[in-house]
Every structure is written in structure tokens, then in C-alpha cells.
Amino acid sequence: MSHEEVMKIARKRGFLWSSFEIYSGVAGFVDYGPLGALLKNKIMNKWREYYIIKEGFYEMESPTVMPEEVFKASGHVDHFNDPMTQCKECKEVYRADHIIEEATGMDVEGLENQKLTEIISNRKIRCPRCGGHLTHVWSYNLMFQTLIGAKGKKIGYLRPETAQGIFTPFKRLLRFFRNKLPFGVVQLGKAYRNEISPRQGVIRLREFTQAEAEIFVNPKEKTHPRFHTIKSEKLKLYPAENQEKGKKPITITAGKAAEKGIISSELLTYHLWLAKKFLVDIGIPEDVIRFRQHLPTEMAHYAIDCWDVEIKTNRYGWIEIIGIADRTDYDLKSHSEHSKEDLKVFIEYKKPKIVKKETVKAKMDKIGPKFKKEAAKIIKALEDLDPKIVKKELEEKGQFKLELDKTYTLLEEDLEFEEIEETIKGEKIFPHVIEPSFGIDRIIYSLLLHSYKKEDDRTYFNFPADIAPVEVAVLPLVNKEKLVQLALKIKEDLRNNGFIAEFDTSGTIGRRYARIDEIGVPFAVTVDHQSLKDHKVTLRNRNDTKQIRISIKDLTRALEDLLKRRMKFQDLSRFYEIQD
RNA sequence: GCGGUUGUAGUCUAGUCUGGUUAGGACUCGGGCCUUCCAAGCCCGCGACCCGGGUUCAAAUCCCGGCAACCGCACCA
């Protein structure tokens with residue numbers, strides 16, 4: 001539970017290192033060491049199990065460098081930008097808009113830097129701390145900028161989220177899913193934010209790994225086919241209202257939360273539950289998980305409802321590790337406007353709608369001779385007019401003046417009104433997007449923190465068997481040639497069967513167990529003298545250090561059952577002799 | 001970005017104030033001996049003054065700058 005102890009072991013045993021240490025390091029970057037990389041991959045693959053296999057979403061991969069247009073459309077170029085100013089005397093840095101709003105009460109959101117600078121000098125706004133003069137306003141954008149191409153004319157940015165890489169090929173995706181909602185697309189990968197001053201180690205990184213799902217749905221159908229199966233599952237929620245009124249979080253069933261509108265839709269509720277199930281599955285205890293709703297003031301520009309999954313930590317309090325948002329149609333709409341591409345989906349009505357409609361048409365035999373060459377454009381213009389207005393004007397004035405490049409006067413005899421029935425099969429809409437966005441690095445931190453166990457003089461990571469980086473250790477009880485040879489052979493066999501197996505002869509058996517416990521190896525195979533005669537070895541369970549004696553030929557099968565969590569060690573011990 | 005505190009092997013630390021032999025110890029790690037089940041013991045070995053500049057005959061030690069970590073403030077679409 002202690003941050004310091006856990007991070008110390010994480011560093012010592014090769015889970016997490018700060019990057020570029022030999023060059024003093026750079027804040028906000030970390031290396032995943034050998035065990036960290038294994039752990040991270042296992043967690044990401046578990047995530048794929050949940051979102052790709054079980055939910056039926058598909059994964060894609062887009063570039064991490066993207067052209068400026070993408071982030072103009074997404075709002076990151078404008079909204080991810082903070083206007084800053086600094087006191088010339090005391091060097092304090094401020095948000096320029098905040099300081100103006102405080103001093104004058106003006107709403108200056110969205111104004112250009114030059115305008116803000118003018119306001120500061122005209123209104124004689126000074127440093128609130130020391131009264132000193134303030135510098136001109138500059139922009140601090142949290143995106144890393146780069147130049148694309150040899151001539152360096154095209155501005156590019158490192159993506160601040162993986163999501164945009166899913167929105168931009170939306171037309172292709174829609175075709176891949178055969179033009180039908182709902183569908184989900186996921187992406188796991190790196191994202192970048194040039195934080196002003198990253199602290200808190202792995203909690204706020206400049207380069208981090210996200211696992212995001214973008215689920216495209218019909219706005220009228222924000223539910224999930226399996227919602228009924230999770231209705232009575234309990235969620236610990238901290239709604240915005242409770243935060244504002246200083247009340248405590250509530251525990252409520254998924255069904256009630258959606259029904260009462262605490263969470264804005266059944267689908268969003270389902271994804272809150274799913275995120276929690278995932279976290280519990282990889283080994284984060286349920287009682288350190290809660291869902292906190294964004295306050296209206298902190299909600300991102302694109303969302304209508306957003307819940308953070310938070311984990312309790314001893315050092316940082318409750319930290320956000322997952323954000324689950326209803327992004328509505330913000331992104332697709334905006335990309336559609338900027339790119340001039342149609343990013344809508346055709347939704348077919350269950351029953352076609354029959355609409356009665358009045359139309360006005362030109363009588364060709366009248367219009368033709370009357371207007372000759374100009375008739376064509378008049379006919380075309382009539383199609384776009386509201387027939388009611390034409391009819392009304394005709395009735396009142398006996399003629400209708402059509403304003404085009406010049407005025408054409410149309411009489412009642414030139415026109416024909418008709419009421420027709422039109423069958424509308426459906427409509428084109430922008431889908432809404434439900435987005436669970438996982439911060440993998442923070443999840444790993446939370447997992448390390450909450451898996452760490454200390455018992456007497458023993459420490460271990462209580463990783464689930466299928467998450468543990470090293471799966472099994474093979475150890476000779478003592479370093480006698482024959483035992484070492486047999487242990488090596490068993491290790492090779494296990495590796496050939498796909499297990500991540502380690503072997504260790506250093507120190508005494510107790511020290512070896514301690515070493516593998518410290519990195520959370522769930523099972524150990526120990527070869528003793530008896531093994532040479534009866535071809536049996538002991539299999540040790542990390543959490544309770546209990547052992548059973550099992551024949552070497554059964555080992556692969558037993559370990560497979562254990563590591564895939566088809567069987568618990570306790571169940572296995574019914575079939576085998578228990579060792580003291 | 002601002003202010004404060006701190007930087008000695010993988011880890012913890014002595015030495016820094018008061019400049020002066022080969023920077024000392026413990027644990028860890030590697031090799032060996034021993035050892036029949038949970039960090040035992042013995043022998044051997046690897047391994048450090050954050051980086052750069054200055055002052056000085058001489059800098060881990062004093063001064064300046066940088067970097068990093070921690071704490072507070074600010075920031076965190």
C-alpha cells in the first residue's frame with residue numbers, strides 16, 4: 001500500500017524506471033523495464049479480451065503524428081491552448097484569461113492573445129502577488145509540435161489522444177461495419193501531452209499509453225443488449241450533485257443509476273460496470289474503486305456526461321485512471337464541417353414515414369415559349385422554393401416575382417400546384433460516441449500499489465496468475481548437479497510449452513522463493529532428491545506458500561489450468577498430496 | 001513556471017559545517033563452499049561523490065549555473 005516501498009521494488013526489479021537516467025533524465029517519461037513490459041503487455045491483452053473478444057469491437061492503429069487539420073477540427077489547437085502571462089518582477093506565471101477575469105469580471109474566453117495583452121495594459125492589471133508589470137500574453141499549447149516533410153512547411157502534432165485516429169477514417173470504418181450502427185473501434189497506443197510541470201511520477205506523463213474504445217451508436221438507442229444481465233450489479237458513484245453539496249458517494253445498482261438518470265444512459269452505465277469488472281479481474285480490489293462524475297465546469301468541450309474511474313492511493317488520494325464519456329456527435333460533426341466530408345450514417349426507420357407534401361412545378365408549355373433560354377434556370381429555382389409562399393403571393397397579388405439574376409414575373413397559368421405523398425425510408429444522422437478511455441500507465445501504477453503485500457519478512461505482488469509477468473520459477477532445492485540438470489530440463493519443457501519460466505540457483509531455497517515472491521511469480525516448481533526417484537516435484541503457491549507434490553508429466557497441464565485460471569491452487573490440492 | 005529542501009555504488013548510509021592519504025560500512029547482486037523447502041553461515045568479487053564551470057597548491061566538501069527528485073504555489077482542453 002505504501003507508494004515509496006512499491007516504487008522502490010518496481011525500480012529494483014525492473015518494472016518501472018525513469019527514462020534517460022544517464023543523462024539526468026527528463027521529467028514525465030518512463031521506461032518499462034523487462035518485468036514492466038511483460039506486465040503491461042499482459043494487461044493490454046486482457047483489455048483486448050474484454051473489448052475485442054467479448055464486446056466484439058475491432059482494433060485499429062493510426063499514426064501518432066497527425067497534421068494540424070485534425071486538431072483544428074477536434075478543437076485541440078484552440079482549446080488545448082492556455083494563454084499565459086508572467087510577472088516581470090517576481091516571475092510568477094499566470095493564466096492570462098484567469099487573471100483578467102479576476103481583476104475585471106470580464107468574460108474573455110476565446111479572445112486572441114493580442115487582445116488579452118491589450119486588456120491587461122489598458123486596464124492596468126498588475127501581478128496579484130507583488131503588483132509588478134505583466135509580460136505580453138503567449139500561448140502554451142499542451143501538444144508537441146513538429147514539422148512534417150523536408151521543407152518543413154506542414155505543421156504536425158503528436159496526438160494528445162488516440163481517439164482522433166479513429167474519427168478521421170470514419171467513412172472507411174462505417175463501410176467496414178457495413179453501414180450499420182452500433183459498432184466499436186478500439187486503439188491501444190501512445191499519446192503525448194507536453195505538460196508544463198509533470199510531477200507524480202507515472203501518474204502524469206508526457207508520453208503515455210492509452211487504450212480507448214470509440215463506440216458509435218444511434219443517439220436514440222444508447223443501451224446495450226446485455227444491460228439486463230448487469231442491472232443488479234452495484235456501483236459506487238460520486239455524482240456531480242453530491243460533490244457540489246459536499247455529500248458522500250453512493251452505492252447503487254446499475255439498473256437504478258440508469259433509471260434515475262444519475263448516469264445519462266444505459267450504455268454509459270454498462271461501460272462503467274465493464275471498466276470496473278476489468279479492473280477487478282486484473283487484480284485491483286473493488287473497495288478502492290469509485291466512479292466520479294465530472295462537474296459541469298470541468299466537463300470537456302465535447303462531452304455531455306463523463307465519469308472518471310478513480311482509484312484510492314495513499315499518496316495522491318483518489319486518482320483518475322479511466323474516463324468514460326458520452327462525446328455525443330461533437331467529433332464527427334466537427335470533422336465533417338472541416339473536411340467537407342459526409343460523416344453521417346443512414347438510419348432506416350422501422351416503418352417508412354409517409355409525408356404529404358405540397359409542390360410547385362412550372363408548366364413547361366407556358367414557361368418554355370415565354371422565357372425561352374432562361375426557362376431552365378427558372379424551373380430549377382422553383383424546386384427550391386417553398387410552395388406555400390408562392391401560392392400566397394399569387395393569391396394576394398395575382399403574380400409571383402422570382403428574384404434571380406433579374407426579376408421574372410410568373411402568373412398563375414404558368415404554375416401548377418400539387419399535393420404528393422413521399423415515402424421516407426430513414427434519415428442521415430451523426431452517430432453519438434461513447435468513449436471509455438483507459439490510462440494504462442496509471443492502471444499499472446494502481447495495480448502495483450494494490451497488489452503489493454507484506455507479511456512478516458515476506459513481500460509479494462498478489463498478481464492474478466494470468467497477469468503475473470513471470471509465470472513459473474523452476475528451482476533445484478540445493479545446487480547438486482543432478483538436481484540442477486533436472487530443473488533445467490523442466491524449465492526448458494515449460495518454455496517449449498509456452499510458459500514464461502525462470503530458473504535460479506543463487507542463494508538458498510528460501511532466498512530464491514523470496515526473490516520470486518517479490519516479483520509476484522504465482523507458482524514455483526522445486527526439484528529435490530526424491531524427484532530423481534519418483535519423478536515428482538513440489539509445486540508451490542505464492543500467496544499461501546502451500547505446496548503439493550505432482551508428477552513431472554502432469555506439470556504442464558496443471559500449470560495451464562492454473563495460469564488460465566480454470567482452476568485454483570486449492571482445487572488442485574484435492575488431487576495431489578499436500579507437502580508441509 | 002515560482003519558492004523551499006535534497007542529490008555519495010542497485011538500496012540505506014558515514015564523510016560535507018571546519019577543503020588535505022587509496023571515499024568507509026551494511027544490505028543487495030555475481031562466483032564459490034556449505035545446505036534436503038521459505039531472505040542462515042563462510043570465502044572471493046563487481047560497484048558511487050548528479051552534470052558543467054569557478055575559487056584553491058588541493059574540491060564529495062566552498063561559490064555559480066544546469067538537471068533531477070521531494071514539498072508548497074501555479075498549471076492539468
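Within every chain, numbering begins at 1; the chains are lettered A, B, ... in the order of the sequence lines, protein sequences first and strands thereafter. The shown structure was predicted, so the numbers you read here are calculated from the model rather than taken from an experiment.
Here the side chain of A/R540 is nearest to one of B/C37, B/U11, B/C38, namely B/C38. Side chain of A/L142, nearest nucleotide from B/C37, B/C76, B/U11: B/C76. Of all nucleotides listed (B/C37, B/A69, B/C75), B/A69 comes nearest to the side chain of A/A27.
Applying the side-chain contact (heavy atoms from CB on, under 4.5 Å) test to A/K8 and every residue at least two apart in sequence or in another chain returns nothing. With sequence neighbours excluded, the residues forming a side-chain contact (heavy atoms from CB on, under 4.5 Å) with A/L477 are A/I509, A/T526, A/D528, listed by chain and number. Residues that satisfy the salt bridge (Lys or Arg N to Asp or Glu O under 4.0 Å) test with A/E310, not counting sequence neighbours, are A/R290, A/R292. The side-chain contact (heavy atoms from CB on, under 4.5 Å) search around A/F575 returns A/M567, not counting sequence neighbours.
We find that CD of A/E4 is positioned 15 Å from P of B/U11, with the value rounded to whole Å. Look at CG on A/D308: it is 16 Å from P on B/C76, rounded to the nearest Å. Rounded to whole angstrom, the span from the CZ atom of A/R206 across to the C1' atom of B/C76 amounts to 12 Å.
RNA chain B is contacted by A/L477, A/V478, A/N479, A/K480 of residues 471-487 of chain A, taking any non-hydrogen atom closer than 4.0 Å.
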Can you pull every protein N or O that's under 3.5 Å from an N or O on nucleotides 39-47 of chain B?
residue, atom, partner, partner atom, Å
B/A39, N7, A/D457, O, 3.0
B/A40, OP1, A/R511, NH2, 3.2
B/A40, OP2, A/T508, OG1, 2.8

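Under the salt bridge (Lys or Arg N to Asp or Glu O under 4.0 Å) criterion, the residue pairs touching residues 472-489 of chain A are A/K489-A/D493, with sequence neighbours excluded. For residues 157-169 of chain A, the salt bridge (Lys or Arg N to Asp or Glu O under 4.0 Å) pairs, not counting sequence neighbours, are A/E161-A/R327.
Residue A/S506 is in sugar-phosphate contact alone, with no base atom involved, counting any heavy-atom pair closer than 4.0 Å across all strands shown.
One N or O on the side chain of A/T117 and one on the backbone of A/V137 form a donor-acceptor pair closer than 3.5 Å.
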Counting only pairs under 3.5 Å, give me each side-chain donor-acceptor contact of residues 315-322 of chain A, with atom names and distances, residues two or more places apart or in other chains.
residue, atom, partner, partner atom, Å
A/R315, NH1, A/H3, NE2, 3.4
A/R315, NH1, A/E4, OE2, 2.5

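For B/G1, the paired base is B/C73 (Watson-Crick or G-U wobble, both distances below 3.5 Å).
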